[in-house]
Amino acid sequence: MGYQLLSEPIRKYVRDKGWGELRKIQAAAIPRIINTDNNYILASRTASGKTEAAFLPILSKVDFNERGVQVLYISPLIALINDQFFRIEDLCRNLEISVTKWHGEAKRSLKKNLLKNPNGVVLITPESIEAMFVNAPYNVSALFGNLKYIVIDEIHSFLGVDRGLQLMSLLSRIQAVNKSKITTIGLSATIGDGNYIEAKRITGDIEHTKVLLDRGKKETEATFKYFKNTSTELPLELLKDLYKETYENKVLIFPNSRGRAEEVAVKLRKISDRVHGHKHYYSHHSSVDKEIRENIEHFAKNNERFNFCISCTSTLELGIDIGTVEKIVQIDSTHSVASLVQRIGRSGRREGEKSIVNLYATDKWSLLQSLACWNLYKSGFLEPITTAKKPFDILLHQLLSIVKQLSGCSRAELIQRIATNITFQTIAATEINDLIDAFLELDYLEDIQRELLLGIEGEYIVNSREFYSVFKTEVNFKVIHSGRKIGDIPLSPQVRVDENILLAAKIWKIKDIDFKSSKIIVIPAKDGKKPTFFGNGGGIDKRIREEMLAILISEGNYAELDEKSQLVIDNMRFDFKGFSIQDCRFDCPIFEKEDHLELYTFTGTRINQSLSFLFELTGVEASLDDRSSVFSLELKRSEIPLLIKNVSKKYNQINDFLKAELEKNESLIGFSKWGSYLPLFYQVEIIKERHFDFDGAMELLNNMNIIEPRL
DNA sequence: GACCTGCTGCGGGCTG
């Protein structure tokens with residue numbers, strides 16, 4: 001019935017494609033988009049036809065003879081825009097609707113043509129929208145002043161992150177230059193039942209946003225194996241086993257870090273060379289040159305014949321789809337269930353195939369975490385997404401952008417624009433006023449005859465190339481071999497002349513480092529070390545830790561575990577055998593050692609970090625090992641109640657303590673690119689909300705049952 | 001104990 005509602009040229013397109021019937025998500029979306037003005041979130045697996053589900057009805061409905069761009073498609077990745085361009089242009093061909101790519105790597109001549117005659121469909125990134133508001137605000141209204149639809153691809157990648165707040169603000173600012181209401185369609189992978197509200201929020205109108213969900217689930221076959229790590233390098237036995245498990249397949253391997261990805265690719269290739277196996281071993285991550293990455297993607301996508309192994313990071317978790325992948329390998333636990341879901345979904349894409357995943361662990365806590373993620377995956381759990389309630393850092397960024405857009409404005413107008421922007425509705429007018437005062441003080445703004453303009457510092461910030469994005473990036477050196485770029489790596493202590501490094505699945509010797517032009521010149525070599533990258537660890541959700549405890553206090557074997565990993569789990573269970581645990585959320589096992597206590601919290605990273613900060617304030621020596629979620633406390637068992645009492649006292653003045661800590665150590669705000677430009681008071685608010693979880697920490701402390709071993 | 005994402009305008013040098 002959806003088909004009948006489409007316009008004739010679109011029906012012809014469907015017929016020409018030979019599509020017997022519409023996909024589930026398409027059948028659901030077409031009548032709703034055509035017959036209502038609601039916003040929709042279309043949620044289903046990749047390769048399930050979501051793009052067409054949005055564009056078939058939109059192209060049928062919209063009158064493209066009107067002046068101005070009619071449909072704006074927004075993507076988090078340039079690569080996705082380039083991919084989707086062909087599909088959307090194909091759809092538009094018979095209708096004579098023009099499709100234009102507008103991103104940093106798109107041709108300028110095509111952008112200029114569009115400006116002469118604004119029309120059709122535009123594919124863009126959030127950062128390019130930001131740049132247009134800052135550098136050519138008149139183009140925003142000329143192009144996007146008569147929009148009918150906005151389509152946001154991979155909308156889940158914007159949820160709960162700064163980039164999503166920036167996008168939300170930009171959408172709100174685009175709506176402000178339009179007379180009529182723009183309808184928004186979000187395309188998404190499944191994001192968990194509790195998280196759809198966050199997707200709806202981005203559209204700016206929760207009430208009129210509906211979710212269309214296709215729960216197409218695949219069967220998954222998992223195998224766990226354990227190889228104890230004795231050094232910083234992967235155990236040889238693991239690599240041999242990994243080779244045996246992968247040489248006959250098309251495989252993606254996820255070893256969790258760029259350095260490990262290189263180590264795996266180089267060592268598997270060495271084994272393969274020795275036994276005359278195939279040569280298709282690659283590494284794929286952000287430090288490998290973009291062109292090399294594209295070649296690998298192209299090979300893997302278009303080849304049916306040869307087997308391959310791509311050792312990668314999250315670069316192959318989203319976006320591009322390699323349909324031929326048969327098997328996924330995860331080395332040590334993912335950091336979230338969401339990530340495990342995405343990675344498992346990368347295999348068995350063909351009709352009738354199931355997903356196959358091999359999970360290796362090199363450490364017992366990693367094995368336990370991996371098993372917990374697998375259990376939660378099977379139960380359908382996904383980490384809850386939380387959006388910052390008071391995003392003062394994004395407010396600073398957008399406030400400067402708005403002042404630049406308007407080339408100055410009155411204070412009243414600036415406040416009005418921010419107050420009507422849906423992104424900042426939770427920030428009070430008094431706070432906005434206070435911040436404007438602070439920005440005048442800091443020379444971000446200046447007041448000339450009651451008109452607010454960018455100040456000297458403000459000009460400096462906004463005119464920087466760094467202004468358009470809200471995420472941080474590291475400083476890199478180009479790695480070059482005989483004029484060809486291999487990739488970009490940060491300057492770690494390991495990067496020295498005559499040292500050998502691994503990059504792009506090959507071994508290189510460093511011949512020269514040019515600090516002026518940030519270049520590292522290399523030649524091929526025989527043996528090397530995996531590169532070191534400076535990462536800043538993320539967090540594990542508390543639900544994963546609770547599941548880890550639940551596994552420890554349960555009995556029975558898992559069919560997915562091999563003999564050795566089952567034995568490791570059984571040994572860990574033996575260690576916790578003496579504890580009678582009723583409630584995995586609040587029961588905390590404690591071990592009394594000779595000169596200290598070991599208190600297991602089995603809770604999330606942010607809660608642990610908050611507890612650690614609070615313990616330190618009371619003067620107690622407490623060291624945290626977050627991987628096993630255990631505190632080592634220099635205390636006697638009888639002193640614990642006093643500790644908890646003291647923590648509650650200190651918590652009353654938490655803002656003062658955080659302020660003092662920030663004055664000592666400004667890197668605490670390092671996770672927020674624009675946060676460090678804020679007055680200290682607002683930095684504290686951001687850290688409290690996003691780095692720590694004091695509410696969670698106090699909830700745990702107030703309900704904590706410390707469980708002693710039975711004798 | 002991590003990973004990923006994007007980018008203007010202008011001038012100089014080179015190619016067709």
Side-chain angles (χ1 to χ4, degrees), chain A residues 74-82 101-106 108 111-112 124-137 139 153-154 156-164 166-167 170 229 232 254-262 283-288 290 293 311-320 330-336 338-340 342-343 361-363 365-366 369-370 397 401 404 462-474 476 488 490 530-540 544-545 604-606 608-609 624-629 671 673:
Chain A
I74 300 171
S75 152
L77 302 171
I78 288 179
L80 194 58
I81 289 183
N82 296 342
K101 290 191 267 191
W102 190 296
H103 57 64
E105 295 169 17
R108 284 178 195 211
K111 293 183 186 174
K112 275 186 190 150
I124 201 166
T125 60
E127 287 73 17
S128 282
I129 302 176
E130 185 76 67
M132 203 187 286
F133 267 117
V134 166
N135 297 314
N139 285 348
D153 209 348
E154 307 262 21
H156 56 283
S157 73
F158 292 110
L159 306 184
V161 296
D162 290 349
R163 205 176 179 203
Q166 178 192 23
L167 175 59
L170 293 169
N229 223 354
T232 56
F254 292 93
N256 283 354
S257 75
R258 287 175 282 174
R260 268 264 153 96
E262 290 298 343
S283 74
H284 191 290
H285 53 79
S286 65
S287 286
V288 175
K290 208 169 169 182
R293 276 154 70 182
S311 178
C312 57
T313 59
S314 48
T315 47
L316 287 183
E317 194 178 294
L318 276 177
I320 28 136
Q330 177 65 43
I331 301 179
D332 283 327
S333 178
T334 55
H335 296 84
S336 68
S339 184
L340 182 64
Q342 287 285 347
R343 291 175 184 188
T362 64
D363 163 274
W365 287 100
S366 180
Q369 185 178 316
S370 195
H397 182 255
S401 175
K404 178 78 195 263
V462 177
N463 292 334
S464 142
R465 195 166 172 270
E466 274 295 315
F467 184 72
Y468 312 111
S469 70
V470 294
F471 49 82
K472 277 195 155 180
T473 40
E474 38 182 17
N476 281 321
D488 300 271
K530 63 177 182 185
T532 50
F533 296 99
F534 323 98
N536 40 347
I540 306 298
I544 293 174
R545 293 274 161 70
T605 304
R606 284 165 67 215
N608 275 337
Q609 280 168 346
L624 164 68
D625 177 27
D626 189 58
R627 307 184 63 193
S628 48
S629 195
F671 63 88
K673 182 164 164 184

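All chains are named by letter (A, B, ...) in the order of the sequence lines, taking the proteins before the strands, and each is independently numbered beginning at 1.
Dashed line: the shortest gap from a side-chain N or O of A/S257 to OP1 or OP2 of B/dA2 is not under 4.0 Å. Of the side-chain N and O atoms in A/T313, one or more sit less than 4.0 angstrom from OP1 or OP2 of B/dC4. Considering only side-chain N and O atoms, A/R293 lies under 4.0 angstrom from the phosphate OP1 or OP2 of B/dT5. Contact annotation: A/R258 side-chain N/O to B/dC4 OP1/OP2 distance is under 4.0 Å.
The side chain of A/K111 lies closest to B/dT8, out of B/dC7, B/dT8, B/dT5. For A/R627, the listed nucleotide lying nearest its side chain is B/dG1; candidates were B/dG1, B/dC10, B/dG6.
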List, with names and distances, any nitrogen or oxygen atoms from the protein found under 3.5 Å away from nitrogen or oxygen atoms belonging to nucleotides 12-16 of chain B.
none

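A search for salt bridge (charged side-chain N to carboxylate O under 4.0 Å, His left out) contacts involving A/E317 returns A/R343, not counting sequence neighbours. With sequence neighbours left out, the salt bridge (charged side-chain N to carboxylate O under 4.0 Å, His left out) criterion links A/E262 to no other residue. Legend: residues meeting side chain to side chain contact (heavy atoms under 4.5 Å, CB included) with A/P76, ordered by chain and number and at least two apart, are A/L80, A/E154, A/S157, A/F158, A/R163. Residues forming a salt bridge (charged side-chain N to carboxylate O under 4.0 Å, His left out) with A/K472 (at least two apart in sequence, or on another chain): none.
The distance between atom CG of A/L167 and atom P of B/dC7, rounded to the nearest whole Å, is 13 Å. Distance CD1 (A/I74) to P (B/dT5): 19 Å, rounded to an integer number of Å. With rounding to whole Å, A/N256 atom CG is found 11 Å from B/dC4 atom P. Between the CD atom of A/Q609 and the P atom of B/dG1 there is a distance of 15 Å, given to the nearest Å. In this structure, A/H156 atom NE2 and B/dT5 atom C1' are separated by 13 Å, rounded to whole Å. Spacing between atom CZ of A/F471 and atom C1' of B/dT5 amounts to 4 Å, rounded to whole angstrom units. One interatomic measurement links the two molecules: NZ of A/K101 to P of B/dG6, which rounds to 14 Å at whole-angstrom precision. The distance from atom CZ of A/F671 to atom C1' of B/dA2 is 17 Å, rounded to the nearest whole Å.
Using a 4.0 Å heavy-atom cutoff across all strands shown, A/T315 reaches sugar-phosphate atoms only and no base atom. A/R343 comes within 4.0 angstrom of nothing in the nucleic acid, heavy atoms only. In this structure, A/Q369 reaches the bases: a heavy-atom distance under 4.0 Å links it to at least one base atom across the strands shown. A/S128 comes within contact range of the sugar-phosphate backbone alone, with a heavy-atom separation under 4.0 Å but no base atom that close.
Tested against A/E127 for a side-chain contact (heavy atoms from CB on, under 4.5 Å), the candidates A/M132, A/Q166, A/H103 yield a single pass: A/Q166.
Aromatic stacking of A/H335 on B/dA2: satisfied, with centres closer than 5.5 Å and planes within an angle under 30 degrees.
In this structure the side chain of A/E130 never reaches within 4.5 angstrom of the side chain of A/T125, judged on heavy atoms. Looking only at side-chain heavy atoms (C-beta outward), A/I129 and A/I74 come within less than 4.5 Å of each other.
Of the residues in residues 129-137 of chain A, A/A131, A/N135 come within less than 4.0 Å of DNA chain B through at least one heavy atom, sorted by number.
Of the charged side-chain nitrogens involved, none lies within less than 4.0 Å of a carboxylate oxygen, so that A/D488 and A/K290 do not count as a salt-bridged pair.
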How far apart are the C-alpha atoms of A/Q369 and A/T334, what are their side-chain angles, what is the distance that settles it, and do they pass the side chain to side chain contact (heavy atoms under 4.5 Å, CB included) test? CA-CA 8 Å; A/Q369 185 178 316; A/T334 55; over 6 Å; no
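Across A/N608 and A/S629, no two heavy atoms sit closer than the pair ND2-OG, 3.0 Å.
Between the side chain of A/T473 and the base of B/dG6 there is at least one donor-acceptor pair of N/O atoms closer than 3.5 Å.
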